[in-house]
Every structure is written in C-alpha cells, then in structure tokens.
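Right, one structure below, let's go through it.
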Amino acid sequence: MNLSEKRNVDGDWIATLLSLEFFGTCMDHKYLRRNEKNVFCIDCNVQICKHCCDTEAHFLHRRLQICKYVYQDVLRLLDIQHYFDCSEIQTYKINGEKAIHLNSRPQAKDARPSTKSKNAASCVTCKRYIQDRPNRFCSISCKISSAPPKKRKFCFSSEAAQIVLEKEHYNQEGSLEEKKSSLSSLTDVSEDSEALLSNLSLRPFMRLLKRKGISQRSPLH
C-alpha cells in the first residue's frame, strides 16, 4: 500500500469532500456543455466534471457523483457506502434512490432544538429533526464531528481498506506470476536442452570412415 492510498483510506479525502463547493464551471472544459464540477475523485482528492472522468487522469479512479436535493449537496447511498460507514445517518429518497447529506442543512437563527431529542429523534450533533427514529445523524459531517478524533477512522467502511489491500495483493500476484512465467520459460529451455543432449547420447557411436577414392589405372602405351 503506497502512501497516497493509505492516506485516502485513513480519511483525508472526506474532509476535502465536505469542504468543497460543487457545481462550479470546469475551466478545463469550459466550452463544453454540462461542464459543472459535480464529481469528486477520491484518489486525486479534487472535484471534477463529467468530461474529466473520461480522461486518462481519472478514468480508473474511484469517484463519487454529487447530486442536489432541496438546494443541498447529497450523495447516493449506494456509492458512498463502499468508502464510508453510513449507518445511523438519515437517508432521503431521490428519484427512487436513497441519498444522504454531505453537511448539516442550515437552520434559521431563531430555530430551537427539536423537542423530540429525548426520544432520540434529532441529530446528536446539530439537533435537527430526524425522520427515522433509529438514526442519530442528519449528515456525514455530523457523524464525523460527533466522534472523538482518535475514533474517527472507525467511521470509514472496512470495504475501502479492503479494496486497497486487494489492489495491492493483485499487483503482488501479478509480479509473482511474471516471475513464475519467466522461470517457467527458462525451465522449458533447460528441459529442451537436456532432451537434445540425451537424444545425442542415446544414439550409437558411428565411426565415419572416409571412402577411398576410385583407383586410376595407368594409361596404356
């Protein structure tokens, strides 16, 4: 596991994700349609547009699609759950798919904490009302903020670390297979040489005699 991959698994990328403002214009593709930056590249830790996704720089990277829900940035639960533990976070239905908020939704200055907080029906961090009783947070940022710094790494899905470990294992297996292949080819050559030598040794030794030339008679006089 290299340093960049380890850093991303530890969660530096999530802090960047929560601090960015999406849906701005991508200057690399400013003359193309639908060039808003609504994708986050986990491996590069930057926001990109849909056209950037097709480039060599991001083609094989892990990415997250950012959506809008009531003027707020949200993520599809199906996408983010592979990299972050989304348990106990309130979900919302958007076009038939479950989504969660990146950050806590802004509240009015005169807003009061939910009266249902005693019944665990409000966000532990910001006290915003939560629809589904088992949940404790209204957004990803609220869940991270509620955890002590030393325990925040446990918020991240074990699948994210597993993906990196599998990638590293795959690379190691690839190099191992290459070594096996090269050794196998050398073994084949060695076996062929031994077979050739054995065939020569099994053949009976034949002494090649030079054939005498045709005798020539002396000319008649």
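Note that these values count all heavy atoms, side chains included, but never hydrogens, waters or copies made by symmetry. Everything numeric in this text was worked out from a predicted model, so none of it was measured. Numbers here simply count residues along the sequence, with the first being 1.
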- [ ] Go through the steps for Asn35 and Thr25 under the test side-chain hydrogen bond (donor to acceptor under 3.5 Å, both in side chains), then give the verdict.
- [x] CA-CA 6 Å; Asn35 58 1; Thr25 302; 4.6 Å; no
- [ ] Check step by step if side chain to side chain contact (heavy atoms under 4.5 Å, CB included) holds for Ile89 and Ile140.
- [x] CA-CA 7 Å; Ile89 300 179; Ile140 293 176; 4.3 Å; yes
TODO: Verify side chain to side chain contact (heavy atoms under 4.5 Å, CB included) between Ser122 and Arg128, making sure each step is shown before the conclusion.
DONE: CA-CA 5 Å; Ser122 64; Arg128 176 175 284 278; over 6 Å; no
TODO: Could you walk me through whether Ile144 and Phe84 pass the side chain to side chain contact (heavy atoms under 4.5 Å, CB included) test, one step at a time?
DONE: CA-CA 11 Å; Ile144 294 178; Phe84 186 84; 3.9 Å; yes
TODO: Might you work through the side chain to side chain contact (heavy atoms under 4.5 Å, CB included) test for Phe40 and Val46, ending with a clear yes or no?
DONE: CA-CA 6 Å; Phe40 181 77; Val46 295; 5.8 Å; no
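Residues Ile66 and Val39 are not in side-chain contact: their nearest non-hydrogen atoms beyond the backbone lie 4.5 Å or more apart.
Take Arg33 and apply the side-chain contact (heavy atoms from CB on, under 4.5 Å) test, not counting sequence neighbours, and it matches no residue. For Lys37, the side-chain contact (heavy atoms from CB on, under 4.5 Å) criterion is met by Cys26, Gln47, not counting sequence neighbours. Residues that satisfy the side chain to side chain donor-acceptor pair (under 3.5 Å) test with Asn38, not counting sequence neighbours, are absent from this structure. Phe22 pairs by the ring pair (Phe, Tyr, Trp, His ring centres under 6.0 Å) definition with nothing, not counting sequence neighbours.
Taking both residues in full, the closest heavy atoms of Cys86 and Leu77 are given as CB-CD1, 3.6 Å, listed atom of the first, atom of the second, then distance. Contact between Phe137 and Cys123 at its shortest, heavy atoms only, is CA-SG, 3.9 Å. In this structure, Ser139 and Ser141 approach most closely via the heavy-atom pair OG-OG, 3.1 Å.
Note that CZ of Phe23 is 6.5 Å distant from SG of Cys67, once rounded to the nearest 0.5 Å. Here the OG-CD distance, from Ser146 to Glu88, works out to 8.5 Å after rounding to the nearest 0.5 Å. Between the CG atom in Leu32 and the NZ atom in Lys50 there is a gap of 10.0 Å [rounded to 0.5 Å]. With rounding to the nearest 0.5 Å, the separation of CD1 in Ile80 from CD1 in Ile42 is 6.0 Å.
Counting only residues at least two apart or on different chains, the side chain to side chain donor-acceptor pair (under 3.5 Å) pairs with a member in residues 64-76 are Lys68-Asp73, Arg76-Asp79.
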Determine all donor-acceptor pairs shorter than 3.5 Å in which one atom belongs to a side chain in residues 90-105; sequence neighbours excluded.
from: Gln90; atom 1: OE1; to: Gln131; atom 2: N; distance (Å): 3.3
from: Gln90; atom 1: OE1; to: Asp132; atom 2: N; distance (Å): 3.0
from: Gln90; atom 1: OE1; to: Asn135; atom 2: ND2; distance (Å): 3.3
from: Gln90; atom 1: NE2; to: Asp132; atom 2: OD2; distance (Å): 3.0
from: Tyr92; atom 1: OH; to: Arg105; atom 2: NH2; distance (Å): 3.1
from: Asn103; atom 1: ND2; to: Leu18; atom 2: O; distance (Å): 3.2

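Formation of a donor-acceptor pair under 3.5 Å by the Arg63 side chain with backbone atoms of Asp43 is not found in this model. In terms of modelled atom types and a separation under 3.5 Å, the side chain of Lys143 and the main chain of Arg136 share no donor-acceptor contact. A donor-acceptor pair under 3.5 Å links the side-chain atoms of His82 to the main chain of Leu78, judged by distance alone.
Hydrophobic clustering, with ILVMFWY side chains joined whenever heavy atoms are under 4.5 angstrom apart, groups Ile14 together with Leu64.
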